[in-house]
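Below is one structure, written out as structure tokens; comments come after it.
Both ligands and their constituent atoms are indexed starting at 1 by order of listing. Values reported hereafter were calculated over all heavy atoms of this structure, with side chains retained and with hydrogens, waters and symmetry mates removed.
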Amino acid sequence: MSKRITVEDVVRILDDLSLLVEMKGENPFKARAYANAARTLETLGEDLEGVIAQGRLSALRGIGPAIAKKIEELAATGTMRYYEDLKASIPPGHFELLKIPGLGPKKIRLLYEKMGIETVGELEYAARENLLLDLPGFGERMRDKILEGIEAVKGYRERRLYPEALAEAEALLGALRAAGLTDRVEMAGSLRRGRETVKDIDLLVATDEPVRPAALFASLPSVRAVTGRGDTKVSVRLQGGINADLRISTPGEFPFMLHHLTGSKGHNTALRGRAKGLGITMNEYGLFAGDRLIPCASEEEIFAALGLRFIPPELREDMGEIEAAAEGRLPDLVTEGDVRGLLHVHTRASDGALEIEALVAEAKRRGYAYLGISDHSRSAAYAGGLDREAIKRQHDLIDAVNAAEGGAFHVFKGIEADILPDGRLDYDDEILAAFDFVIAAVHSHFTMSAEEMTRRVCRALSHPLTTILAHPTGRLLLAREPYAVDIRRVMDEAAARGVVLEINAHPQRLDLDWRHCLYARRRGCLFAVNPDLHTREGFSYLRWGIMTARKGWLEAKDLVNCLGTQELSAFFARRRAAAGL
Ligand code: DGT
Ligand code: CA
């Protein structure tokens with residue numbers, strides 16, 4: 001395509017268009033149409049260029065002739081007149097204002113017309129100075145909500161999703177390693193700890209000759225600007241906008257520096273406290289008994305010198321890992337290799353890009369023993385939810401695939417059933433009983449009070465056919481805060497009802513949050529790390545889900561998708577038998 005318009009660019013512009021026409025007060029149907037088209041392209045299982053060349057664009061679900069024409073213009077010329085005109089017709093800051101939760105186009109127009117507010121900065125000032133209170137619909141609660149929203153939006157700008165930061169960091173590491181100038185090169189900081197979002201990249205090298213690696217790092221092609229340069233540290237801003245620090249240590253200090261830079265701050269402080277109790281001083285340069293350095297060749301030896309087992313970086317969040325290491329209670333963390341199969345997989349029957357046969361082939365190629373198909377239920381009209389006939393067709397197909405596999409691979413029949421606003425599931429019990437497993441999910445009405453939302457979700461959990469609760473908090477990292485819900489009560493209910501909690505592995509979800517896993521595990525909950533995949537690429541999401549499970553202290557025995565086919569089948573059967581339906 002000319003000017004290299006990618007399908008991601010098209011998706012972003014369609015999403016922008018959806019917001020822009022809403023801002024302009026046009027028919028809401030129009031806004032939804034652009035959003036739907038974006039969702040279709042997002043999960044397109046083939047090359048957009050090819051689709052356009054074959055004139056098949058307007059045959060795709062949710063893409064009518066008018067939108068198709070605009071996309072074709074964009075692909076052919078690199079711009080879309082209609083989009084550029086719309087963008088030019090509103091103050092530039094308004095676009096960003098839309099991203100603040102609770103601020104819709106109407107309120108933004110009001111702020112502009114009555115107060116001349118055009119940017120997030122102006123809004124923050126007005127909110128802090130109590131200048132908004134006279135506007136209709138802008139009471140104190142709204143002001144507080146706006147200020148919270150502004151903080152969130154600011155935070156979003158400063159952080160990156162983990163996979164994006166990791167890819168940048170790996171490229172830097174690769175370049176440093178290839179140069180062969182240093183003894184060791186490692187990642188540290190939030191990346192090494194497997195945090196879901198990352199502010200900046202921390203890298204560390206060991207060398208006695210710092211000059212050349214420092215110069216090399218500063219001159220890498222992905223570096224946009226050098227923002228700081230000293231003897232032991234070079235700071236840069238990368239082309240993609242993220243900052244990276246290279247720390248240079250001597251080979252002898254390397255393990256201490258690596259531990260220090262890995263953090264977290266809380267973990268470091270707690271560990272220093274423990275060292276002090278043992279009469280040892282600890283800093284980034286070493287462990288010292290008085291003036292004497294206690295030599296350590298690795299992080300393992302540092303922990304050992306403090307009477308501890310090695311604490312994996314993912315656990316270094318000051319959540320009790322030091323006590324657990326001292327008492328030999330550290331969990332035997334789950335790994336990707338423990339996973340036997342994937343649940344929560346979408347097909348073309350709803351909004352996925354692949355047919356069941358292609359999904360099975362890919363799963364087998366990756367060494368899995370089973371898949372659990374779970375398309376959307378009928379009220380998810382936005383995503384092509386399945387009606388009774390579509391379910392029947394899918395089940396016949398799955399039966400045929402399973403028969404052909406002859407036990408070598410198994411497809412479980414599942415559904416991602418919407419949790420309706422009142423907490424009921426989206427189908428009658430008779431239909432639900434036809435599935436091996438049911439994933440219950442909130443996909444609408446996010447803005448209920450915490451009390452209502454908690455009641456809604458708990459009611460869904462109390463349904464005897466609910467097997468798994470999908471993405472329990474509904475967050476979208478760097479885009480949407482979790483919905484208001486009493487997550488502890490939800491986890492208590494899941495434990496009481498034997499409902500499995502999903503750790504959704506999509507890099508923008510990673511939900512259940514690892515911070516909640518330990519509590520849920522103590523209450524006796526089971527978990528499933530689910531890719532929620534819509535495309536072939538989605539198979540790779542599992543990695544991020546496992547990282548999150550590890551941060552949540554989970555072991556293979558905590559995850560139902562580490563069970564073998566027979567065991568999982570028995571687990572599903574037991575639940576359905578207990579339901580007595
Ligand atoms: P980020 O960058 O916000 O995603 O998270 P981190 O953990 O990478 O934080 P960063 O880059 O500010 O610092 C890297 C590590 O350096 C951090 O995890 C622990 C260590 N560190 C930084 N500041 C302090 C401090 O004030 N005290 C201690 N003990 N350690 C610190
Ligand atoms: Ca960092």
**Item:** Trp514/Glu196 under side chain to side chain donor-acceptor pair (under 3.5 Å): CA gap, chis, key distance, verdict
**Value:** CA-CA 9 Å; Trp514 54 268; Glu196 63 278 21; 2.9 Å; yes

**Request:** Would you check whether Thr197 has a nitrogen or oxygen atom less than 3.5 angstrom from a nitrogen or oxygen atom of ligand 1?
**Result:** no

**Option whose closest heavy atom lies nearest to atom 15 (C) of ligand 1, chosen from Thr269, Leu261, Asn268, Asn243** = Leu261

**Request:** Measure from atom 7 (O) of ligand 1 to every heavy atom in Glu158, Arg193, Met282 and give the option owning the shortest one.
**Result:** Arg193

**Prompt:** Can you tell me how far the CG atom of Leu261 sits from the CG atom of Leu191, to the nearest 0.5 Å?
**Reply:** 12.5 Å

**Request:** Measure the CG-CD1 distance between Leu97 and Ile108 for me, rounded to the nearest 0.5 Å.
**Result:** 5.0 Å

**Asked** Are a donor atom and an acceptor atom from the side chains of Asp15 and Tyr34 found within less than 3.5 Å of each other?
**Response** no

**Request:** Using distance alone, with no hydrogens and no angle criterion, decide if Thr227 and Arg237 have a side-chain donor and acceptor under 3.5 Å apart.
**Result:** no

**Prompt:** According to the interplanar angle, ranging from 0 to 90°, do the rings of His534 and His346 count as parallel (below 30°), tilted (30 to 60°) or perpendicular (above 60°)?
**Reply:** parallel

**Message:** Could you check, using the six-membered ring where one of them is a Trp, whether Phe310 and Phe303 have ring centers closer than 6.0 angstrom?
**Reply:** yes

**Prompt:** Looking at His267 versus His259, is the centre-to-centre ring distance below 6.0 Å?
**Reply:** yes

Go through ligand 1 atom by atom and flag the ones less than 4.0 Å from a non-hydrogen atom of [X].
X: Val198; result: 4 (O)
X: Asp202; result: 8 (O), 11 (O), 14 (C)
X: Gly189; result: 8 (O)

Protein contact of [atom] - nearest heavy atom, named by residue and atom, plus distance:
atom: atom 20 (C) of ligand 1; result: His260 O, 3.3 Å
atom: atom 28 (C) of ligand 1; result: Lys265 CG, 3.7 Å
atom: atom 2 (O) of ligand 1; result: Asp200 OD1, 3.0 Å
atom: atom 12 (O) of ligand 1; result: Lys199 NZ, 3.5 Å
atom: atom 4 (O) of ligand 1; result: Ser190 OG, 2.6 Å

**cation_pi(Arg488, Tyr519) dist<6.0 Å, angle<=45** = yes

**Prompt:** Within Asp245, is some N, O or S atom less than 3.0 Å away from the Ca ion (ligand 2)?
**Reply:** no

**Atom name in Asp202, limited to N/O/S, at shortest distance from the Ca ion (ligand 2)** = OD2

**Request:** Kindly give the atom name of the N, O or S atom of Asp200 closest to the Ca ion (ligand 2).
**Result:** OD1

**Heavy-atom check, side chain of Met282 versus side chain of Leu271, under 4.5 Å** = yes

Between ligand 1 and [X], can you find any atom pair, the residue atom being a heavy atom, that is separated by under 4.0 Å?
X: His267; result: no
X: Arg195; result: no
X: Thr262; result: yes

**Prompt:** How does Ser264 reach ligand 1, by side chain, by backbone, by both or by neither, if only non-hydrogen atoms under 4.0 Å count?
**Reply:** backbone

**Prompt:** Are Glu22 and Lys107 ion-paired here, with the side-chain N under 4.0 Å from a carboxylate O?
**Reply:** no

**Asked** Quick check: does any side chain N or O of Glu96 sit under 3.5 Å from a backbone N or O of Gly93, one acting as donor and the other as acceptor?
**Response** no

**Prompt:** Under 4.0 Å from atom 9 (O) of ligand 1, is there any protein heavy atom?
**Reply:** no

